[in-house]
Chemist: 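Pasting a structure below so you can have a look.
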2 protein chains.
Amino acid sequence: MAVESLPEPWSSVSDRLRRRGLRWTPQRRTVIEVLAGADGHVTGAELVERCRGRDASTIPSTVYRTLDVLEELGLVRHGHDANGREEFHVLPAAEHGHLHCRQCGATWEIGDERATAVAAALRGADGFEVDIGHVTLVGRCADCVARTVATS
Amino acid sequence: MAVESLPEPWSSVSDRLRRRGLRWTPQRRTVIEVLAGADGHVTGAELVERCRGRDASTIPSTVYRTLDVLEELGLVRHGHDANGREEFHVLPAAEHGHLHCRQCGATWEIGDERATAVAAALRGADGFEVDIGHVTLVGRCADCVARTVATS
DNA sequence: CTCGCTATTGCAACGAGTCGCAATAGTCAC
DNA sequence: GTGACTATTGCGACTCGTTGCAATAGCGAG
Ligand SMILES: [Mn+2]
Ligand SMILES: [Mn+2]
Ligand SMILES: [Zn+2]
Ligand SMILES: [Zn+2]
């Protein structure tokens, strides 16, 4: 699929790059095509793998560097999973965080009201504006907590 | 410094290990001595480096595996810094989280009431019990937020 | 179309961990 | 003390990224 025929904001990436004095290269085109076909979250390694599917000569460092510039353009945002590994949120997606239960291993998205409440709690006294989507919060889900209490 | 002369809980580690059918080895002794001399946070790499200072033949995988068993004993807890890299909290230290400002690069500890408020916000509807100390929350500090508003 | 500037690439080395496996060495029972 | 059982170690390979550097190749100007 040609980049020009992709939906916004992907189709205008080449122009946005050139306007900044940056360049439109075949390698970046590959990354864009892969991102346009991804939805929600993708890990860095997955992205590299998918790029290699389209172009076997894909080099990891080039992909990661491209992701860096796309993040500056606001087209993706990176975060970290429960183990600290990178994952990319493909935009425009609603801002959201993740919770992970270390006992049962489940990971799920945090609801919007919940995210707002957390942000408010952190803003509290010192005015810190948290980027709730950057990390995966770890803990135990209600079911696992209940199960443990019952057992002990 | 001999392990036996270290303060609790370090001096009893050998016994606690043996009671579980685990073993007391020179390599583990080295890690314990280093941990007893550390306070607050240490990254995994730092720990390996310090162990190498006492015993040049220290192997990284052995140190990391030792940290795993010490975490099971509750003597250390690992978390992740703003870049997802591991850091270890040496116990017994008060439970606490970290905030990091991506604009000015500062990192600081989160106050106790603040941590409680965040935990409450997350517990909210679905009963998730967050381990606030596991990750470093990223965002912008009040100063940087104010500075940006003024500029724009 | 050609040229020159410099952003970007490929590559190779490195950093932070993790994992499987064969050899080693604690521990406990006698 | 000796021996056996098996937890642990060392090692090498591998994953996920990051970085410096020299060669390549976009892009805008003429
Ligand atoms: Mn973790
Ligand atoms: Mn990050
Ligand atoms: Zn759970
Ligand atoms: Zn700041």
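Reckoned from all heavy atoms, side chains included, excluding hydrogens, waters and symmetry mates. Residue numbers start from 1 in every chain, and the chains themselves are labelled A, B, ... in the order their sequence lines are given, proteins ahead of strands.
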Chemist: From CZ of A:Phe88 over to C1' of D:dC16, roughly how many Å is that when rounded to an integer?
Modeler: 11 Å
Chemist: Expressed as a whole number of angstroms, how long is the span from A:Asp81:CG to C:dT18:P?
Modeler: 12 Å
Chemist: Go through the steps to decide whether A:Val118 and B:Leu122 satisfy the test side chain to side chain contact (heavy atoms under 4.5 Å, CB included), and finish with yes or no.
Modeler: CA-CA 7 Å; A:Val118 173; B:Leu122 282 164; 3.7 Å; yes
Chemist: How many whole angstroms separate atom CD of A:Glu87 from atom C1' of D:dC16?
Modeler: 14 Å
Chemist: Any side-chain N or O of A:Tyr64 less than 4.0 Å from the OP1 or OP2 oxygen of D:dT18?
Modeler: no
Chemist: Scan nucleotides 19-30 of chain C nucleotide by nucleotide, 5' to 3', and note B when protein non-hydrogen atoms come under 4.0 Å of the base, S if they reach only the sugar-phosphate, - if neither.
Modeler: BB----BBS---
Chemist: Among A:Val34, A:Leu75, A:Val42, whose side chain to side chain contact (heavy atoms under 4.5 Å, CB included) with A:Val90 holds?
Modeler: A:Val42
Chemist: Check the distance between D:dT6's P and B:Leu17's CG and give it to me in whole angstrom.
Modeler: 19 Å
Chemist: So, B:Glu8 and B:Ser11: side-chain donor and acceptor under 3.5 Å apart, yes or no?
Modeler: yes
Chemist: The test is side chain to side chain contact (heavy atoms under 4.5 Å, CB included); show your working for A:His78 and A:Leu67 and say whether it passes.
Modeler: CA-CA 9 Å; A:His78 86 272; A:Leu67 288 167; over 6 Å; no
Chemist: Please check if the side chain of B:Arg23 supplies one atom and the backbone of B:Leu17 the other of a donor-acceptor pair under 3.5 Å.
Modeler: no
Chemist: Measuring from atom CG of A:Asp131 to atom SG of B:Cys101, what distance do you get when rounded to the nearest 0.5 angstrom?
Modeler: 11.5 Å
Chemist: Between atom CD1 of A:Ile132 and atom NE2 of A:His98, what is the distance when rounded to the nearest 0.5 Å?
Modeler: 11.0 Å
Chemist: Tell me: CD1 of B:Ile32 to P of D:dT8, nearest whole Å?
Modeler: 13 Å
Chemist: Without decimals, in angstroms, what is the distance between B:His80 NE2 and C:dT18 C1'?
Modeler: 14 Å
Chemist: Tell me which of B:Gly44 and A:Thr58 sits closer to the 5' end of DNA chain C, going by the nucleotide each one is nearest to.
Modeler: A:Thr58
Chemist: Figure out the CG/C1' separation between B:Asn83 and D:dT19, and round it to whole Å.
Modeler: 15 Å
Chemist: Identify, between B:Arg28 and B:Arg85, the residue whose nearest nucleotide on DNA chain D lies closer to the 5' end.
Modeler: B:Arg28
Chemist: Take atom CD of B:Glu72 and atom C1' of D:dA7, then tell me their distance rounded to the nearest Å.
Modeler: 13 Å
